[in-house]
Amino acid sequence: MNSQLAKIFLEIAEYLAMDNIPFKPAAYEKAARGIESLKKDIEDIYREEGLDGLEKIPGVGKSIAEKIEEYIRTGKIKYYQELKKEYPVSLLELSSVEGLGPKHIKTLYDKLEIKDLADLEKAAREGEIEKLPRFGKKVQENILRGIEFVKAGQGRMLLGSALPLSEKIKQRLEGREEAEKVEVAGSLRRMKETVGDLDILAVSGKPEKLMEYFCSMPEVEAVLAKGETKSSVRLVQGLDADLRIVSAESYGSALQYFTGSKDHGIKLRRIAQEKGLKLNEYGIFKGEKQIAGQSEEEVYETLGLKYINPEIREDAGEIEASRNNKLPKLVNYDEIKGDLQMHSTWSDGSASIREMAQAAKKIGYEYIAITDHIGKLKIAGALDEQEVLGQWNEIDKLNKELDGIKIFKGAEADLDEKGRPEFSEEFLSKFDLVLGSIHSKFRMAKDDMTQRLINALENPLINIIAHPTGRIIGRREAISLDIEKVIEAAKENKKILEINCYPDRLDLKDQHIRIAVEKGVRLSLGTDSHSPDQLPYLKFGLAQARRGWAERKDIVNCLNLGELKKVLTN
DNA sequence: GCCGTTTTCGGCCCGACTGTTTTCAGTCG
């Protein structure tokens, strides 16, 4: 419901922009972003708090709240349908083509009756588009290229894939003598779970040379735009990358500007205005004079703010917290002492327990939990009781033999439709820690599913709920769940919720983490590694934790061995 | 249409690049 509504409002924004109506498009876009980043189902908000609740959503006022109400009640929004009637075009589909905006789309419809991607492609191939006023041959070619890109289904890339790619490009640029400084900005620096493109910032005394190199890197498939300070390329990996070059005195303000988020930046510039200053990517200006901009710290300080970590720059209260000196002290990577979910060859992993433990020790961990699947279900080579005994035997031996790393006897127990672990209670009580997780019956009704997890949380034999919402980014929807009730149940039963670090899971996600943190529910980080090379996935889960405002005290992996044992036996 | 340490009206972030034009509209982030 949330993303459906967000899409409708984005489309309304496009319609209004087509007619050159000022300011309203930005208002609808902001409302769409506000709805998209909600922590709760918008239907629940409406049911519990009515129109007043809706108006509390950032960017939503009286008029849009009423439209949301109308949609929840009738499944339709009259205003939207009238716009749609006037211009029966697939707006979001068309505007997903790079370089195609509302004005062009209007012209294309008015002159050529182009309604969707198929119409667009046909007209472009037949050479109709270049004949239009203010269009030309190049526009037509760009449209055809853009259509290819959309059709290739290239959308956002997982953080887990984009981060290594950006590192590689960063290293390439850093290897050039004309590059004085290179940094990856954008949503990647904010460590969002997926990124739409790579934003790279550089300081250089010879920008032309660096631009030239950037546009000719082996990863570049096509150059979309090339200028003195800004270029844009399409990478063979199916992602766009932008390079912006600024001078050293503008580095901080440029980094701030290109890191975003959009709403965070807008609010900062408003604050600058209120102080009679101007903030842009080149610095903070008092009249013509630059008074800050070398470093991000300086930019925030000049605006009367404490430095804000990139992960929480979402205009979700961080600016107010910064002003009042109430920012969280975000959990750091060097505070992590172990990994609490991984698999071995005993179930579906590809490495032995010894190999996993040795790799973990090399990272510097104090402990790991081996959490192979157990139970009757044949998923992922689940162990039966006899096999569990064998595994414990091996873990006991390794714990005696290996110094400096403790291996916990863990298990990932499948939860049935009532939230019961499918394994004997006698055995479960002997594990050091038990993860309960859902691997089947993903489509239960919301109330039943919520109760399923609450039951599991009330079970004294279960310590942690693993990947609580079951989503797989880009492939599987999260289970239908009242997340607040689940978090509440975790609190009441003093249980732990997992942040699964696997790049396509990241579950709980940032917004859920923030609710858990606010309620004081403890969280665990588990990579769900199936081989040693996956242990570094921890940083992706940690990034989500930071995006959810988690501090050291919120993450059980920050406890030392003794402290953690105590928590697990409670 | 939204919003308020200039509050219920009058503002609304800011600049680079492209392509089609001879000064700028459109798009993007």
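Naming convention: chains lettered A, B, ... in sequence-line order (proteins, then strands); numbering from 1 in each chain.
Between A:Glu219 and A:Arg172 a salt bridge is recorded (basic side-chain N to carboxylate O distance below 4.0 Å). The pair A:Glu55-A:Lys62 does not meet the salt-bridge criterion, since no charged nitrogen lies less than 4.0 angstrom from a carboxylate oxygen. Between A:Glu141 and A:Lys137, none of the side-chain N atoms (NZ, or NE/NH1/NH2) sits under 4.0 Å from a carboxylate O, so this pair counts as no salt bridge. Using a 4.0 Å cut-off between a side-chain N of Lys or Arg and a carboxylate O of Asp or Glu, A:Glu314 and A:Arg547 qualify as a salt bridge. A salt bridge does not link A:Glu274 with A:Arg270: none of the charged nitrogens is closer than 4.0 Å to a carboxylate oxygen. Here A:Lys7 does not pair with A:Glu11 in a salt bridge; the nearest charged N to carboxylate O distance is not below 4.0 Å.
Atom CG in A:Leu239 sits about 12 Å away from atom P in B:dG29, given to the nearest Å. Put simply, CD on A:Glu141 is 9 Å from P on B:dG19, counting in whole angstrom units. Taking atom CD of residue A:Glu130 and atom C1' of nucleotide B:dG19, one finds them 13 Å apart after rounding to whole Å. Across the protein-nucleic acid pair, A:Phe135 atom CZ and B:dA25 atom C1' stand 11 Å apart, rounded to whole Å. Summarising the geometry, the separation between CG on A:Leu224 and P on B:dG19 is reported as 10 Å, rounded to the nearest angstrom. Between A:Leu91 atom CG and B:dT27 atom C1' there is a gap of 15 Å when expressed in whole angstrom units. Nucleotide B:dG1 holds its P atom 11 Å from the CZ atom of A:Phe9, rounded to whole Å. Between the CD atom of A:Glu98 and the C1' atom of B:dG19 there is a distance of 15 Å, given to the nearest Å.
Comparing B:dC13 with B:dT22, their C1' atoms sit 29 Å apart, to the nearest whole Å. Taking atom P in both B:dT27 and B:dT20, the straight-line distance is 13 Å, to the nearest Å. Between the C1' atoms of B:dC12 and B:dT7, the separation comes to 15 Å (whole Å). Across the C1' atoms, B:dA16 and B:dT6 are found 32 Å apart, a figure rounded to whole Å. For B:dG1 and B:dT5, the P atoms lie 23 Å apart once the distance is rounded to whole Å. The separation of B:dT21 from B:dG26, taken at their P atoms, amounts to 13 Å, rounded to a whole angstrom. On the C1' atoms, B:dT23 is 15 Å away from B:dT18, given to the nearest whole Å.
Remark on DNA chain B: of its neighbouring residues A:Met211 and A:Lys103, the 5'-side contact belongs to A:Met211, judged by nearest-heavy-atom nucleotide. Checking A:Gly61 against A:Ser95, the closest nucleotide of DNA chain B that is more toward the 5' end is the one next to A:Gly61.
In this structure, A:Phe23 packs face-to-face on the six-membered ring of B:dC12, meeting both the 5.5 Å centre cutoff and the 30° plane limit.
Scored by the ring-ring contact (aromatic ring centres under 6.0 Å, His included) test, A:Tyr109 finds A:Tyr87 as partners (sequence neighbours excluded). When the salt bridge (charged side-chain N to carboxylate O under 4.0 Å, His left out) test is applied to A:Arg552, the partners found at least two apart in sequence or on another chain are A:Glu335. A:Glu69 pairs by the side chain to side chain donor-acceptor pair (under 3.5 Å) definition with A:Tyr46, not counting sequence neighbours.
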Using nucleotides 8-10 of chain B, report all nitrogen or oxygen pairs with the protein that are shorter than 3.5 Å.
none

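A heavy-atom distance below 4.0 Å to DNA chain B is reached by these residues of residues 25-39 of chain A, ordered by number: A:Ala27, A:Tyr28. Residues from residues 270-290 of chain A that place a heavy atom under 4.0 Å from any atom of DNA chain B, listed by number: A:Arg270, A:Gln273, A:Glu274, A:Lys278, A:Leu279, A:Asn280, A:Glu281, A:Tyr282. Of the residues in residues 243-267 of chain A, A:Arg244, A:Tyr257, A:Lys262, A:Ile266 come within less than 4.0 Å of DNA chain B through at least one heavy atom, sorted by number.
Pairing for B:dG1 is with B:dC12, a Watson-Crick or G-U wobble pair whose two hydrogen-bonding atom distances lie under 3.5 Å.
Screening residues 25-34 of chain A for salt bridge (charged side-chain N to carboxylate O under 4.0 Å, His left out), with sequence neighbours left out, gives A:Arg33-A:Asp263. Listed by first then second residue, pairs satisfying side-chain hydrogen bond (donor to acceptor under 3.5 Å, both in side chains) with a partner in residues 191-204 of chain A read A:Arg156-A:Thr194, A:Glu193-A:Arg471, A:Asp199-A:Arg244, not counting sequence neighbours. Pairs engaging residues 174-185 of chain A under the side-chain hydrogen bond (donor to acceptor under 3.5 Å, both in side chains) rule: A:Arg176-A:Glu178 [sequence neighbours left out]. Identified under the salt bridge (charged side-chain N to carboxylate O under 4.0 Å, His left out) test for residues 85-105 of chain A, with sequence neighbours left out: A:Glu98-A:Arg234. Counting only residues at least two apart or in different chains, side-chain hydrogen bond (donor to acceptor under 3.5 Å, both in side chains) contacts with residues 157-167 of chain A are absent.
Which of B:dG26, B:dG1, B:dG19 sits closest to the side chain of A:Val139 comes down to B:dG19. For A:Lys67, counting side-chain heavy atoms from C-beta on, the closest listed nucleotide (B:dG1, B:dG29, B:dA25) is B:dG1. Comparing B:dC17, B:dG29, B:dC13 by their closest approach to the side chain of A:Ala225 singles out B:dC17. Of all nucleotides listed (B:dG19, B:dG1, B:dA16), B:dG1 comes nearest to the side chain of A:Ser63.
In this structure, A:Glu281 and A:Gln256 have side chains that are not in contact, with every pair of non-hydrogen atoms separated by 4.5 Å or more. In this structure, the side chains of A:Met217 and A:Leu243 stay at 4.5 Å or more apart for every pair of heavy atoms.
The side chain of A:Asn142 contributes an N or O atom lying less than 4.0 Å from OP1 or OP2 of B:dG19. Remark: A:Thr229 is in phosphate contact with B:dC17, judged by side-chain N or O atoms under 4.0 Å from OP1 or OP2. Proximity of A:Lys24 to the phosphate of B:dG1: a side-chain N or O atom is located under 4.0 Å from OP1 or OP2.
Using a 4.0 Å heavy-atom distance criterion, A:Lys106 is classed as making no nucleic acid contact. Note on A:Leu16: nothing from the nucleic acid sits closer than 4.0 angstrom, heavy atoms only. As judged by a 4.0 angstrom heavy-atom cut-off over every strand, A:Pro133 is placed among residues making no nucleic acid contact.
For A:Phe135 and A:His104, the ring centers are positioned less than 6.0 Å apart.
An anti base is found at B:dT21: its glycosidic angle is more than 90° from 0.
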